[in-house]
Structures are given as C-alpha cells and as structure tokens.
K.L.:
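Got a structure for you, questions after.
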Amino acid sequence: QVQLVESGGGLVQAGGSLRLSCAASRIIFSINAMGWYRQTPGKQRELVATINEDGSIKYGDSVKGRFTISRDRAKNTVYLQMNTLKPEDTAVYYCNVNLQILLDRRDYWGQGTQVTVSS
C-alpha cells in the first residue's frame, strides 16, 4: 500500500513562507507525476502544482510566481516552497502521486496538512 507522509504545514502571517514536504514510500510502480492540491470547506479540491516524470511543471493560476514545486527522485519526495503567502492560501494541502499500474493511471493521496495564513 502506497504511503504518503506530509509535513511542513502550520500557521504563518501574510507575506511569510512555508515549505511542505511529502515522502512517498512503498512505491512499486512507475510514477507519472507528484504534486500538491488544496481544499477549503465547501469547495472542490484544486490544483496547486504538479511535476511530471519528464520534469514538466504545472501551477495553479493563483500560485504562479509565488510557489515552487520540486522533487527529489532518489527519495521519492516532493516539496512545495510557498512564498508571499496570502490569507486566501489557507487550506488543507494534500500530496498526490499518480502511478502507472499496467494500463491504468491511479491517484494516491496523503492525509493532508493544514496551512493557515493570518492577515
């Protein structure tokens, strides 16, 4: 069973920075992508950033220029550096890994880590 362990969430003032980490273990299939999504109560989970196996990166529009995703392949770990945080960045952040299992692509999720940005 794939395990995703997230860390780095917390409370920060607006304009501050946080760094999230997500370590994936028990990976026996190929990784297509790793990334981060976030969710607030009553809203759908939204893309924050993903990094594909070929190194290509996609960011959500609201975080472009402020957040940076990176990956340590050797450690199967993905990071999210969040700078110039805003109160609207407050959410539960979920780590995601998309695996290639035979002909299927399957998503796995972490338990989520709370990020709270105070004004």
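Bear in mind the structure is a predicted one, so any value in this text is a computation, not a measurement.
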K.L.:
Under 4.5 Å between any side-chain heavy atoms of M82 and R66, yes or no?
P.N.:
no
K.L.:
Measuring from atom OG of S21 to atom CD of Q81, what distance do you get when rounded to the nearest 0.5 angstrom?
P.N.:
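Answer for the OG-CD pair, S21 versus Q81, is 9.5 Å.
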K.L.:
Could you state whether V2 and W109 fall into the same hydrophobic cluster, counting links through intermediate Ile, Leu, Val, Met, Phe, Trp or Tyr residues with side-chain heavy atoms under 4.5 angstrom apart?
P.N.:
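No, because V2 and W109 fall into different hydrophobic clusters, even though each may have its own neighbours under 4.5 Å.
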K.L.:
Please lay out, stage by stage, how Q114 and T90 fare under the test side-chain contact (heavy atoms from CB on, under 4.5 Å).
P.N.:
CA-CA 8 Å; Q114 178 70 46; T90 296; 3.9 Å; yes
K.L.:
Within the distance-only criterion (no hydrogens, no angle test), does the side chain of R26 pair as donor or acceptor with the backbone N or O of Q3 below 3.5 angstrom?
P.N.:
no
K.L.:
State which residues pass ring-ring contact (aromatic ring centres under 6.0 Å, His included) with F67; sequence neighbours excluded, sorted by chain then number.
P.N.:
none
K.L.:
Over all heavy atoms of both residues, which pair between T84 and S17 is shortest? Give the atoms and the distance, please.
P.N.:
N-OG, 4.3 Å
K.L.:
Give the C-alpha distance, both sets of side-chain angles, the deciding distance and a yes or no for side-chain contact (heavy atoms from CB on, under 4.5 Å) between W36 and E6.
P.N.:
CA-CA 10 Å; W36 295 91; E6 299 150 337; 4.2 Å; yes
K.L.:
Sub-3.5 Å donor-acceptor pair from the side chain of Y59 to the main-chain atoms of G65, do we have one?
P.N.:
no
K.L.:
Is there a donor-acceptor contact under 3.5 Å from the side chain of Q100 to the main chain of L102?
P.N.:
yes
K.L.:
Indicate yes or no: at least one non-hydrogen side-chain atom of T50 is less than 4.5 angstrom from one of Y37.
P.N.:
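Yes. Closest side-chain heavy atoms under 4.5 Å.
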K.L.:
Which atom pair, heavy atoms only, marks the closest approach of L18 to G10?
P.N.:
CD1-O, 4.0 Å
K.L.:
Using atom types as modelled and distance alone, determine if a side-chain donor or acceptor of T113 lies under 3.5 Å from a backbone N or O of Y93.
P.N.:
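No; zero donor-acceptor contacts below 3.5 Å.
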K.L.:
Could you report the tightest heavy-atom contact between A14 and P87, atom names first, then the distance?
P.N.:
CB-CD, 4.1 Å
K.L.:
OG1/T116 to CD/Q13 distance, rounded to the nearest 0.5 angstrom?
P.N.:
13.0 Å
K.L.:
Quick check against the 3.5 Å criterion: does N52 have a side-chain atom that pairs as donor or acceptor with the backbone of D54?
P.N.:
no
K.L.:
I'd like to know if Y94 and Y108 are part of one continuous hydrophobic network [Ile/Leu/Val/Met/Phe/Trp/Tyr, side-chain heavy atoms within less than 4.5 Å].
P.N.:
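Different hydrophobic clusters.
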K.L.:
Just wondering, do L20 and V115 contact through their side chains at under 4.5 Å, heavy atoms?
P.N.:
yes
K.L.:
Can you check whether V78 reaches C95 side chain to side chain, under 4.5 Å on heavy atoms?
P.N.:
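Contact flag for V78/C95 side chains = yes.
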K.L.:
Does G55 offer a backbone N or O that forms a donor-acceptor pair with the side chain of R71 under 3.5 Å?
P.N.:
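Absent.
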K.L.:
About how many Å separate OG1 of T40 and CD of E88, when rounded to the nearest 0.5 Å?
P.N.:
11.5 Å
K.L.:
Side chains of K43 and R38: closer than 4.5 Å at any heavy-atom pair?
P.N.:
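Contact flag for K43/R38 side chains = no.
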K.L.:
In Å and rounded to the nearest 0.5 Å, what is the CG to OG distance from D89 to S62?
P.N.:
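The OG atom of S62 is 6.5 Å from CG of D89, to the nearest 0.5 Å.
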K.L.:
Can you name the closest pair of heavy atoms from A24 and L4 and give their distance?
P.N.:
CB-CD2, 3.4 Å
K.L.:
Hey, could you give me the CD1/NZ distance between I69 and K58, rounded to the nearest 0.5 Å?
P.N.:
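The distance works out to 12.5 Å.
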K.L.:
Starting at CG of D107, measure out to CG of N98 and round the result to the nearest 0.5 Å.
P.N.:
4.5 Å
K.L.:
Are L11 and V92 linked, directly or through intermediate hydrophobic residues, by side-chain heavy-atom contacts shorter than 4.5 Å (ILVMFWY only)?
P.N.:
no
K.L.:
Hydrophobic clustering (ILVMFWY, side-chain heavy atoms < 4.5 Å, transitive) - are V5 and V97 grouped together?
P.N.:
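Shared cluster, no.
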K.L.:
Please check if Y79 and I57 belong to a single hydrophobic cluster, counting links between Ile, Leu, Val, Met, Phe, Trp and Tyr side chain heavy atoms closer than 4.5 Å.
P.N.:
no
